[in-house]
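Computed over heavy atoms, backbone and side chain alike; hydrogens, waters and symmetry mates excluded. Not measured: the values here are computed from a predicted model.
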Amino acid sequence: MPDELTGAAAPVIRLRPDFRPTAFLSRTDKSLLIAGDCEGGPAVTKLLTAPEPLWAEKFSTEIDAYQTFAATPPPAPVPALIAADNRHHVLVIEHVRGRSPVPGRDRFPPQALDPAHVTAMLTAMTDHERVAAIDRDWQDVRELLQTG
C-alpha cells in the first residue's frame with residue numbers, strides 16, 4: 001500500500017514536496033482523501049477525481065471557502081489552509097482529528113429529526129445569513145452577536 005499511497009498523493013507532493021502521506025481516509029467516485037504530515041503537523045488532502053464540470057465547480061467553491069477563511073478568519077475554528085491548486089484539483093488543509101462517518105450509515109440521521117430541532121437549525125442558519133449579509137467582515141458579525 002505505501003507505493004499505492006505515494007502514487008495517489010503524487011499531485012499533492014508536486015504542490016507541496018514536504019507532504020508525507022500516511023493513510024487513505026476515504027475514496028469515492030468523486031474524490032480521494034489522504035491523511036499525512038505537512039508543515040510539521042497533521043494534514044489532510046482532498047483530490048478531485050471526477051472530471052465533470054459540476055464537481056470541478058463544487059471543488060473550486062470549497063477551495064474558495066478555505067481561502068476566504070485564511071484571509072478573514074471566521075469566529076469559529078476551521079482547519080487551516082496549507083495549499084490549494086484549483087487547476088489540478090488539490091486541496092491541503094490542517095487535519096482536525098475526529099470520528100469519520102461510516103459511508104451509507106452516518107451520512108443521514110437514522111430517524112426523523114424532531115420538528116422543533118429542524119426549525120431551530122433553520123432559524124439559526126437564516127439568522128446567520130441575514131447577519132452575514134449586513135457586513136461580510138467577521139469582526140462586525142462578532143460585535144452584532146455579542147450585543148444581540
Side-chain angles (χ1 to χ4, degrees), residues 1 4-5 8-9 11-13 15-16 19-148:
M1 182 154 117
E4 180 185 3
L5 183 60
V12 183
I13 295 168
L15 177 64
R16 288 300 304 241
F19 181 76
R20 299 291 174 255
T22 56
F24 287 109
L25 293 177
S26 172
R27 291 186 216 199
T28 69
D29 59 333
K30 294 175 186 58
S31 66
L32 175 63
L33 296 178
I34 300 173
D37 293 302
C38 192
E39 293 186 345
V44 65
T45 187
K46 182 174 185 179
L47 299 146
L48 181 65
T49 57
E52 294 88 358
L54 171 70
W55 299 113
E57 183 180 336
K58 289 181 179 294
F59 195 82
S60 178
T61 300
E62 185 173 359
I63 288 175
D64 289 346
Y66 281 106
Q67 289 172 333
T68 299
F69 295 154
T72 309
V78 295
L81 175 65
I82 296 172
D85 181 345
N86 208 358
R87 190 168 139 239
H88 294 102
H89 307 296
V90 177
L91 174 65
V92 185
I93 59 173
E94 170 189 26
H95 188 180
V96 178
R97 304 281 181 206
R99 185 181 67 84
S100 297
V102 176
R105 216 176 53 200
D106 291 336
R107 186 167 184 172
F108 302 101
Q111 57 200 19
L113 298 175
D114 180 321
H117 290 157
V118 172
T119 299
M121 288 186 290
L122 291 174
T123 300
M125 289 187 293
T126 302
D127 289 349
H128 176 268
E129 185 55 34
R130 183 181 50 80
V131 170
I134 292 169
D135 188 342
R136 294 291 178 191
D137 183 75
W138 289 111
Q139 183 59 38
D140 289 347
V141 172
R142 279 192 214 107
E143 290 171 8
L144 280 170
L145 293 175
Q146 289 174 354
T147 61

Legend entry - Listed partners of T119 passing side-chain hydrogen bond (donor to acceptor under 3.5 Å, both in side chains), at least two apart: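 With neighbours one apart ignored, the set is empty.
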
Legend entry - Residues in side-chain hydrogen bond (donor to acceptor under 3.5 Å, both in side chains) contact with E62, at least two apart in sequence or another chain: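 By the side-chain hydrogen bond (donor to acceptor under 3.5 Å, both in side chains) rule, E62 matches K46.
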
Over all atoms of both residues, closest heavy-atom pair of [X] and [Y]:
X	Y	value
L47	A8	CD1-O, 3.5 Å
S31	T49	N-OG1, 3.2 Å
P73	A70	CD-O, 4.4 Å
V92	A43	CG1-CB, 4.2 Å
I63	V90	CD1-O, 4.0 Å
C38	I82	SG-CG2, 3.8 Å

Legend entry - Given L81, T45, N86, D85, the one that forms side-chain contact (heavy atoms from CB on, under 4.5 Å) with L91: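 The side-chain contact (heavy atoms from CB on, under 4.5 Å) with L91 is passed solely by L81 among L81, T45, N86, D85.
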
Would you say [X] and [Y] make side-chain contact, with heavy atoms under 4.5 Å?
X	Y	answer
P11	H88	no
P21	I13	yes
F69	P79	no

Legend entry - Rounded distance (nearest 0.5 Å) linking atom CZ of F19 with atom CG of D37: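 Atom-to-atom, F19:CZ and D37:CG are 8.0 Å apart.
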
Legend entry - Atom pair CG (L15) and CZ (R87), whose distance is rounded to the nearest 0.5 Å: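 L15 atom CG to R87 atom CZ measures 11.5 Å (nearest 0.5 Å).
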
Inset, instruction - Could you walk me through whether L25 and V44 pass the side-chain contact (heavy atoms from CB on, under 4.5 Å) test, one step at a time? - result: CA-CA 9 Å; L25 293 177; V44 65; 3.3 Å; yes

Inset, instruction - Say whether, by atom type as modelled, one donor and one acceptor occur between the side chain of T61 and the main chain of E57 under 3.5 angstrom. - result: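 Yes; at least one donor-acceptor contact below 3.5 Å.
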
Inset, instruction - State which residues pass side chain to side chain contact (heavy atoms under 4.5 Å, CB included) with A50; sequence neighbours excluded, sorted by chain then number. - result: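 Side chain to side chain contact (heavy atoms under 4.5 Å, CB included) check on A50 returns K30, L48, E52, W55.
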
Inset, instruction - Report the C-alpha separation of E94 and E39 in whole Å, then their side-chain angles, then the decisive distance to 0.1 Å, and conclude whether the side-chain contact (heavy atoms from CB on, under 4.5 Å) test is met. - result: CA-CA 9 Å; E94 170 189 26; E39 293 186 345; over 6 Å; no

